[in-house]
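What follows is one structure encoded as structure tokens, with my remarks underneath.
Every chain is numbered from 1, with letters handed out A, B, ... down the list of sequences. We use all heavy atoms of the structure for the numbers below, so side chains are in, but hydrogens, waters and symmetry mates are not.
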Amino acid sequence: MEDFYKEYILDHYRNPRNFGHLERVDASAEDLNPLCGDKIKFELEIEDGRVKDVRFSGKGCAISQASASMLTEEIKGQKLEDVARLPISKVLENIGIGISPTRMKCATLGLKVLKSAALGEIAGWPDEDVTGTTASRP
Amino acid sequence: MIAVDERAERIAHDFPILARRTSRGKRLAFLDSAASSQKPRAVLDALVNFYERDYANIHRGVYELAERATNAFEGAREKVAGFINAEPAEIVWTRNTTEAINLVSFSWGMQNLRPGDAILTSQLEHHSNLVPWQLLAAKTGAELRFIEVDEFGIHRLDDLDRKLEGVKLVAVSHVSNSLGTILPLAEIVPRAHAAGAVVLVDAAQSVPHMEVDVRALDVDFLAASGHKMCGPTGIGFLYGKRALLEAMPPFLTGGDMIKSVGYEQTTFNEIPWKFEAGTSNIADAVALGAAVDYLQEIGMGWIRDHERSLTAYALERLRELEPRGLAVYGPPAGTERGGIISFNFGDIHAHDLASLLDVEGVAVRAGHHCTMPLMEKMGWPATARASFYLYNTEEDVEQLISALHKAAQIFKLA
């Protein structure tokens, strides 16, 4: 059980990196995990097709919060196209502990939201259309 | 208490799954019966025996097997009826509590509600006793009102009579699935009736755990699920007073619910079959009958007493973790509550907590427990929930407490 929650997961959970809101938001998305009610929002500032700055906000378990926090550290300076293509294996690698199928949604919630923010920006959707996905969920 | 616990230990032996170890080799402390209960050998045997010896489609066949199947199916209905002191004709088989509530919403609701009418429910409801009324209100133009709850999740009834003005339907749960609050039906039902309202009770968390007498309570509709009362999944029931059921239009239509069918017109069957279109879940109904036999043999009074003392014991043991940040929600100590305890521990998210407890073989639920508006109102993103049943023992509580200590260690709580 001791290796179940690694030190760095607790660190990201209690001291999330890039947590909060941006002054200038070029793209954003928000979603929730209907299983547990966890909610995550990503805000991106974009310059020349690259992520200049990023913030995330919301509430959730250590797995979902640490996973989102670790992503924010990695994507600064990355091309939007690359962010939109980030694979699930990336977050699993970041978390570094075995994730059961039921917790997979927690681990990947941040990634899903981040990618929909990036994809929405690439497609030229207004932010409302992206964040609007939350409203219709049960 | 000791004698009570010894009996529960013997009862636990009736449930094959409780003897199994987890994949990490831990003893299983199953504390999630509010979501679904485990099944005793007697119910599993009844299910297999029925398929092996008595199975055929019901009501139509004239051969011996069809007759035996019909008798078993209708016999199970009699058992369920007897269990809650109803007549067999007043018991309609459904898949679960949710379907039973939807039946009332679509059939009785669409027939009886008009713009200007009101539906009264509470802030504690499971989504299954909220969403159907939201939709019914939207379809009929009726208003949806709420009995408010305080910070302990206890109903505020001081303004009930004012809230009941214009109400045609009161739809409330008997025992809250997320907090264990017990609704004082004896106080509410007469006041609702005096206001001219019909009362539907979501009894998913009460019928499995305590004696429920629909005549004594004088409720009009009552819905429950078989899988929460030692029965199989996929079978539940709606109780409705005879006169109400007879006046209601069918919900689902098709085979078996008819008396005679022409190309243009159909005469519907009598209650309860009027509401049971298509081939029913025959075998699971029969097995639910066996579950009722099993529960009655043990005695609902004993089950309630056992859960009451186990819950009191668990609340007392959880207190030792309060200095480390454990917070218990729901009715304060000393108040009557069902065998359900919702809690959070320090800054550990309920999902993480449930994962950590799972490693130690302790199965608890984590999340919003299908009561999202209540969680939002209380300001809890999620809670962990331990719930007890007849097979739980003090050893299960010990295992929970020791797993919580380990979780505190891992999350470095003071």
Side-chain angles (χ1 to χ4, degrees), chain A residues 1-16 19 30-41 56-70 91-92 94-110 112-113 134-138, chain B residues 22-26 32 35 98 127-128 130-132 134-135 178 344-385 402-413:
Chain A
M1 183 146 152
E2 275 62 34
D3 62 311
F4 196 70
Y5 279 83
K6 304 261 193 195
E7 194 86 25
Y8 56 83
I9 294 179
L10 291 183
D11 178 41
H12 275 274
Y13 176 54
R14 290 202 168 113
N15 312 292
F19 191 85
E30 187 176 1
D31 204 353
L32 57 87
N33 177 351
L35 188 75
C36 57
D38 289 359
K39 210 183 267 185
I40 284 187
K41 183 175 186 180
F56 85 102
S57 54
K59 272 182 177 168
C61 63
I63 304 286
S64 76
Q65 298 295 293
S67 164
S69 172
M70 287 188 251
V91 293
L92 297 184
N94 284 348
I95 290 167
I97 58 170
I99 296 291
S100 68
T102 48
R103 298 303 299 277
M104 195 60 96
K105 278 183 180 158
C106 311
T108 57
L109 179 63
K112 185 182 161 203
V113 174
T134 57
S136 61
R137 289 198 170 253
Chain B
T22 70
S23 65
R24 293 180 178 89
K26 302 283 181 180
D32 195 22
T98 298
H127 298 160
S128 66
L130 171 60
V131 180
Q134 289 175 343
L135 295 182
S178 50
N344 269 318
F345 197 10
D347 70 345
I348 311 177
H349 188 281
H351 261 212
D352 295 319
L353 191 55
S355 285
L356 292 168
L357 298 183
D358 176 53
V359 173
E360 296 299 312
V362 179
V364 299
R365 186 73 180 271
H368 52 63
H369 319 297
C370 292
T371 55
M372 286 173 90
L374 177 70
M375 295 281 152
E376 182 84 37
K377 174 190 155 71
M378 297 294 201
W380 310 322
T383 73
R385 180 189 70 184
S402 105
L404 283 168
H405 278 293
K406 285 195 177 161
Q409 212 177 316
I410 288 168
F411 264 72
K412 300 183 174 51
L413 299 183

**Partners meeting ring pair (Phe, Tyr, Trp, His ring centres under 6.0 Å) with A:Phe19 (sequence neighbours left out)** = A:Phe56

**Request:** Check the pair A:Arg14, B:Asp347 against side-chain contact (heavy atoms from CB on, under 4.5 Å), reporting the backbone distance first and the verdict last.
**Result:** CA-CA 9 Å; A:Arg14 290 202 168 113; B:Asp347 70 345; 2.6 Å; yes

**Prompt:** Would one find more than 12 heavy atoms of other residues, nucleotides or ligands at under 6.0 Å from atom CD of B:Gln134?
**Reply:** yes

**Salt-bridge criterion met for A:Arg103 and B:Asp352 (N-O under 4.0 Å)** = yes

**Asked** In terms of side-chain heavy atoms, does A:Asp38 have a donor or acceptor partner in B:His349 at a distance below 3.5 Å?
**Response** yes

**Complete:** Value for CG (A:Leu32) from NE2 (B:His368), rounded to nearest 0.5 Å, stands at 8.5 Å

**Request:** Could you tell me whether the side chain of A:Glu7 reaches within less than 4.5 Å of the side chain of B:Lys412, counting heavy atoms only?
**Result:** yes

**Asked** ring pair (Phe, Tyr, Trp, His ring centres under 6.0 Å) with B:His405: which residues, sequence neighbours excluded?
**Response** none

**Complete:** Under 4.5 Å to a heavy atom of chain A? For B:Ile348 that would be backbone

**Request:** State, to 0.1 Å, how close A:Tyr5 and B:Ile410 come at their nearest heavy-atom pair, and which atoms those are.
**Result:** CB-CG2, 4.0 Å

